[in-house]
Protein chains: 2
Amino acid sequence: MTAPHPTFKDVTAARERLKGIAHRTPVLTSRKLNAQVGAELFLKGEHLQRMGAFKFRGAYNALTVMGPEARAKGIVAFSSGNHAQAVALSAQLYGCKATIVMPHNAPKAKLDATAGYGATVVKFDPSESKREEVARKLVDETGATLVPPFDHPDVIAGQGTTAAELFEEVGELDYLLVCCGGGGLLSGSALAARAMSPKCKVIGVEPALGDDLTRSFKTGSLVHLPGVPATIADGARTICGGDITFPMIRALVDEMVTVPDAALVDAVRFAMLTMKQVIEPTGALALAAAMSGAVKVSGRVGVIISGGNVDAAMLRWILTDDAERAATPPA
Amino acid sequence: MTAPHPTFKDVTAARERLKGIAHRTPVLTSRKLNAQVGAELFLKGEHLQRMGAFKFRGAYNALTVMGPEARAKGIVAFSSGNHAQAVALSAQLYGCKATIVMPHNAPKAKLDATAGYGATVVKFDPSESKREEVARKLVDETGATLVPPFDHPDVIAGQGTTAAELFEEVGELDYLLVCCGGGGLLSGSALAARAMSPKCKVIGVEPALGDDLTRSFKTGSLVHLPGVPATIADGARTICGGDITFPMIRALVDEMVTVPDAALVDAVRFAMLTMKQVIEPTGALALAAAMSGAVKVSGRVGVIISGGNVDAAMLRWILTDDAERAATPPA
């Protein structure tokens with residue numbers, strides 16, 4: 001068993017486990033972006049990771065650590081987003097059974113993608129039951145292991161391999177900007193930064209509409225949002241940080257900032273039209289913070305692009321002219 | 001001076017000139033794509049080239065070969081597309097003056113991008129005068145040198161460096177699929193293939209609506225289309241191959257095929273939603289040929305993605321559902 005709070009040693013161990021399994025994603029740069037921001041930006045492209053997001057790292061690491069006996073009893077996860085596909089793909093690679101609990105009204109593309117990796121999708125009605133309860137029932141009945149989306153030491157250690165690769169490739173940095181939903185990627189990234197680039201300022205970025213961890217960071221106690229935030233950053237709609245991630249973020253992260261959804265639209269458009277990369281709104285949080293000035297950066301700046309799973313309807317909305325977009329709700 | 005018909009030696013010389021100037025673009029792969037096509041595909045990503053297309057290679061090579069005296073008198077080009085930006089950027093890097101002749105109704109994004117590289121844009125009314133004549137007049141008045149978009153040995157040799165890099169990186173191939181407008185990229189690619197992978201079948205791909213070189217290839221004499229073809233592959237709207245490119249294609253290319261615009265839409269969508277890459281319709285010609293079965297490929301297949309300069313309106317149209325798209329003309 002890994003200790004409840006992972007350390008950099010766990011990140012290093014996760015790197016060994018992911019070798020030859022996860023992609024070592026490329027670091028992207030843009031002269032135009034550097035000129036616009038006034039700093040040298042290094043974008044770690046996790047939208048090019050297997051299944052399209054960093055989430056694969058944490059899920060695969062967790063499945064590896066749990067061992068063959070636990071895996072044989074199956075894996076359960078609840079997620080309507082990238083974590084679902086990450087667990088499904090990891091289970092497929094291990095040849096074990098995955099059951100993913102998803103809201104019955106989740107986008108068809110996401111239901112299909114998860115089923116496409118061979119997982120059993122169990123739908124539930126969010127107005128009638130809580131997904132945690134549905135998942136817990138499955139675990140109790142089958143002896144399967146629940147892999148939580150962020151608040152788990154092996155998941156956090158896996159996510160930390162992203163930043164570790166970035167530091168290994170480009171050396172020490174002045175800033176590292178990391179998108180933040182439940183804080184798994186941010187906690188893991190901070191572990192890597194503290195060990196590999198001790199002077200680097202680590203900044204977590206949340207959508208302004210879903211600023212639970214920013215408020216928690218500033219007040220010192222875990223803030224719960226009253227409902228699911230309506231941000232287009234659908235991977236950062238968490239209403240509350242984790243019992244493991246929140247203390248790690250308090251201890252290891254320098255600052256938390258937020259960006260409005262409009263800044264996410266600008267960043268996704270820039271990535272598409274200038275850098276020719278498709279990134280999802282959540283994946284653009286850190287880039288948007290740099291581009292919008294939500295955090296003033298200088299020198300050498302790492303920016304984690306966390307994922308690229310976005311459907312055609314959302315991309316169309318993002319590509320609409322500003323005036324028309326303002327008059328239309330997101331897809 | 002380079003000989004009128006370039007050879008592989010000219011491609012090699014161009015590589016030396018482009019070293020540290022042009023990007024060595026990445027080779028992209030996709031498990032999903034391979035499974036769908038039933039072959040191992042290697043996509044050479046020239047949408048990630050400087051200014052967003054392979055055209056930079058040929059333009060910069062031509063400006064280098066012409067020498068400082070000619071460059072000092074200025075450069076002229078006529079183009080409403082990627083060649084305009086390629087010449088503008090090359091001239092900017094050499095600190096010489098570029099004048100680009102563009103139709104007055106060219107998309108504002110393209111006019112702005114060209115001017116953004118410091119070029120002087122001269123607009124003309126295509127209903128009143130021919131762009132060749134406007135450009136010729138500029139050349140006569142100023143002593144500037146005209147850099148043609150494809151039918152020039154140094155341009156062709158520069159474009160050939162794309163395929164040369166691909167073969168160097170992945171080794172010999174069974175097929176090489178190359179998009180074809182005027183045939184500069186195809187001619188140069190064929191030179192590289194014949195030297196570096198002699199058994200490789202080189203296939204040129206045109207839009208079905210702009211099939212001049214396919215028809216020329218099959219009939220043996222240069223076919224002129226009656227008017228500018230209405231394909232969404234705006235970089236392949238040439239009405240006729242070149243005096244240099246056509247004989248080279250006849251001599252060095254194995255087959256010419258065409259794809260309908262609908263196959264380009266499918267390929268661009270796949271690139272965006274699965275590979276997270278933004279490519280322009282012209283840049284998707286070769287990929288569309290492989291995906292649609294327009295050419296039956298097997299084994300190891302090189303696919304040149306030629307560019308990624310596409311505006312938001314066209315991307316929105318491509319991302320529209322099939323039924324709605326069929327009812328709306330392209331942007």
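Quick note on labels: first sequence line is chain A, next is B, and so on, each numbered from 1.
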Practice item. Among the options Thr320(B), Asp321(B), Leu28(B), pick out the one with the most heavy-atom pairs lying under 4.5 Å from chain A. Key: Thr320(B)

Review point. What option among Arg50(A), Arg269(A), Glu280(A), His47(A) has the most heavy-atom pairs under 4.5 Å with chain B?
Key: Arg50(A)

Point to revise | Qualifying residue, where the test is side-chain contact (heavy atoms from CB on, under 4.5 Å) with Lys276(A) and the options are Ile279(B), Asn309(B), Val310(B) | key: Asn309(B)

Review point. Taking atom CG of Leu319(A) and atom CD1 of Ile318(B), what is their separation to the nearest 0.5 Å?
Key: 10.5 Å

Revision key, fill the gap. The interface call for Thr274(A) against chain B, heavy-atom contacts under 4.5 Å, is neither

Practice item. Could you tell me whether a side-chain N or O of Arg316(A) sits under 3.5 Å from a main-chain N or O of Arg316(B), the two making a donor and an acceptor? Key: no

**Study point:** Met275(A) side chain reached by Val278(B) side chain, heavy atoms, under 4.5 Å
**Key:** no

**Study point:** Side-chain touch Asp311(B)/Leu273(A), heavy atoms, less than 4.5 angstrom
**Key:** no

